[in-house]
Amino acid sequence: MQDSELIQRCRLGDSLAWEHLVEKFQRRIFGLALTYVHNREEARDLAQEIFVRVFNGLNQFKDDQAFVPWLLAMGRNCCIDRIRRLKVRNRYHTDMPEQAEFADPSDSPHDDLETSGRNKTLYKAIDGLSEQSREMIMLKDIQGLKFREISSMLGIPEGTVKSRSVKARSDLLCALKDQGYQQGSLT
Amino acid sequence: MNTNGCDWVQAFCHRQAELSREKQDTLTEHLQTCDACLDFWSQTIDVPTNLKVDTLNALSLDPCSNAQLQILELESDQLEPLLSEHLSHCSACQDAYQQMTALQAALSELKEPRLDELFVADVLRKTSRRRFSWFRMRGVIHHMIQRPRFALELAYAFAILIFSSAQLAGIEWVPSTGVEMKQQQLVHTLNESAKWTQDLIENTGTKSQQRFSSAVATWQELDPHQANQTWWTWFQKTLNRTKEKKTGDNHDRNG
């Protein structure tokens, strides 16, 4: 079933269509959340919050636009809100562990994941990038959005998106090399 | 030209300025002296490939640097002919290309990490609380607009529901004037039937008693709340009147 049809049915209160939509995009949204918050439980909770927000905001979705970029944009905003809240909370509760941007990979959530060492290496390298490069890697290379879609999502010219994307890839390769990444270890 | 040149390169790269042939030489001169602009220029994909290659050649960049920049810009497996040709005879760039494709493949695998099976149920539980709120109402309204017959059906169903509820709650939907009229007729009939009322009081006329009971039951059925009181008042009056009449008759008989 097409996304547009699913959304149409969700709007009419079809619970099965909504269930199908959640099933279809759950892992993708979880992946998005995981690149922002570095804790599996936190990411799971955040992904649920994103879906609740999507559910409430389905009426705002226009039929002529693509669903996936809209969904990811909503997810991104939700992640940014959560990180902002975490930062404020950490500012007032200094006893709480720092969880925001650059978590120590040794107690990083990715250790909890049943991922291979390759994924750990990648997450660690992505964590080390600047916020701009990390976001570009996340949107372009992980989520596979087009330059045009990223451009409209971030509100910057398409040329700038392309430049940032190239720079982000270059930075990521440098970060992987710094971590002792060798040719062929990603394959 | 340095500051202005930087601005101009930025403007061109964002497609806000045109690059003519004569300006290309000036650009090349600027790029030779400004590393930041060279970096920016090299990484901008909007620049037509032939122009970029010309400029890079003019800057005497080696073909490997050029190829590696193009590798970083890779969008898909489709290679440009120039790059493809270079890769065929340069093992270092071939390695860089393989490294980039492997990185892209690995990154795309992070798109959908594994998730427990309870996730969907948790989301559905959180959203089901809101299901019957405004969102659902909006869906119904939307459906009604699309299909006017549905609105009529809905109105009919609502009407039946309201009437049924009212019946269950004991609310009479018969117009009150009709009830009052029937009650008045009944009172009139009962008042007029002095004979069988008298029979009832003297407990002698079974047939009259039955008729009387039937009339009272009908009355009560018509208005159960008020019937008893009104009937009792009427009954008391009738009883007193009958007693007086009987006493009067006795006096006449005795007198």
Side-chain angles (χ1 to χ4, degrees), chain A residues 10-15 18-19 22-23 26-28 30-32 34-35 40 43-44 47-49 51-52 54-56 58-59 113-115 118-119 121-123 126 137-138 140-144 146-147 157-160 162-167 169-170 172-173 176 181 183-187, chain B residues 10 12-16 39-47 68-75 95-96 98-116 118-140 142-143 146:
Chain A
C10 286
R11 280 172 171 170
L12 294 172
D14 186 341
S15 54
W18 171 242
E19 188 177 345
V22 175
E23 268 177 14
Q26 53 171 338
R27 292 174 65 179
R28 197 158 182 182
F30 179 61
L32 177 82
L34 208 53
T35 48
R40 190 177 168 81
R44 191 181 184 281
Q48 287 182 9
E49 192 182 324
F51 274 114
V52 171
V54 167
F55 183 81
N56 292 332
L58 274 177
N59 295 326
L113 294 171
E114 293 175 5
T115 52
R118 183 192 64 186
N119 285 1
T121 313
L122 274 174
Y123 274 123
I126 293 168
I137 290 288
M138 191 265 292
K140 177 72 193 134
D141 295 305
I142 298 180
Q143 296 295 336
K146 292 171 184 163
F147 286 128
E158 209 172 317
T160 310
K162 289 174 185 174
S163 312
R164 283 186 188 176
S165 170
V166 169
K167 186 176 182 305
R169 283 178 182 178
S170 171
L172 181 60
L173 279 173
L176 284 168
Y181 156 77
Q183 174 91 22
S185 65
L186 284 178
T187 51
Chain B
Q10 295 271 339
F12 172 74
C13 289
H14 290 145
R15 291 195 164 182
Q16 290 162 356
D39 194 31
F40 190 71
W41 165 264
S42 309
Q43 290 177 3
T44 302
I45 302 168
D46 277 352
V47 182
Q68 284 179 14
L69 280 173
Q70 286 187 44
I71 288 169
L72 281 175
E73 295 168 358
L74 273 179
E75 263 289 310
D95 287 348
Q98 283 173 357
Q99 192 178 328
M100 179 51 70
T101 48
L103 177 65
Q104 282 181 331
L107 285 173
S108 64
E109 279 182 22
L110 299 181
K111 184 168 148 185
E112 294 186 345
R114 254 191 276 175
L115 191 55
D116 60 287
L118 293 173
F119 182 82
V120 178
D122 287 346
V123 172
L124 293 179
R125 202 180 59 245
K126 282 187 177 179
T127 51
S128 64
R129 290 177 207 149
R130 300 157 197 257
R131 192 159 289 155
F132 292 100
S133 61
W134 156 241
F135 178 64
R136 191 167 178 83
M137 186 57 77
R138 192 186 174 279
V140 172
H142 182 75
H143 195 58
Q146 279 190 334

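Residue numbers start from 1 in every chain, and the chains themselves are labelled A, B, ... in the order their sequence lines are given, proteins ahead of strands.
Scanning for salt bridge (charged side-chain N to carboxylate O under 4.0 Å, His left out) contacts around A/R44 gives B/D116, B/D122, with sequence neighbours left out.
Once rounded to the nearest 0.5 Å, the distance linking CG of A/D141 with CE of B/M100 reads 8.0 Å. Put simply, CZ on A/R27 and NZ on B/K111 are 11.0 Å apart, with the number rounded to the nearest 0.5 Å. Here the straight-line distance linking atom CD of B/Q104 with atom CD1 of A/I137 works out to 9.0 Å at 0.5 Å rounding.
For the pair A/I126 and B/L110, the minimum side-chain heavy-atom distance is below 4.5 Å. Residues B/V123 and A/F55 fail the side-chain proximity criterion, which asks for heavy atoms closer than 4.5 Å. Contact of the A/K140 side chain with the B/L107 side chain is not registered, since no non-hydrogen atoms from C-beta on lie closer than 4.5 Å.
Contacts between A/A43 and chain B at a heavy-atom distance below 4.5 Å are absent for every atom of the residue.
With respect to chain B, the highest number of heavy-atom pairs below 4.5 Å among A/E23, A/E19, A/K146 belongs to A/E19.
Between B/R114 and A/R40 the shortest heavy-atom distance is O-NH2, 3.1 Å. The nearest pair of heavy atoms linking A/Q48 to B/K126 is OE1-NZ, 2.9 Å.
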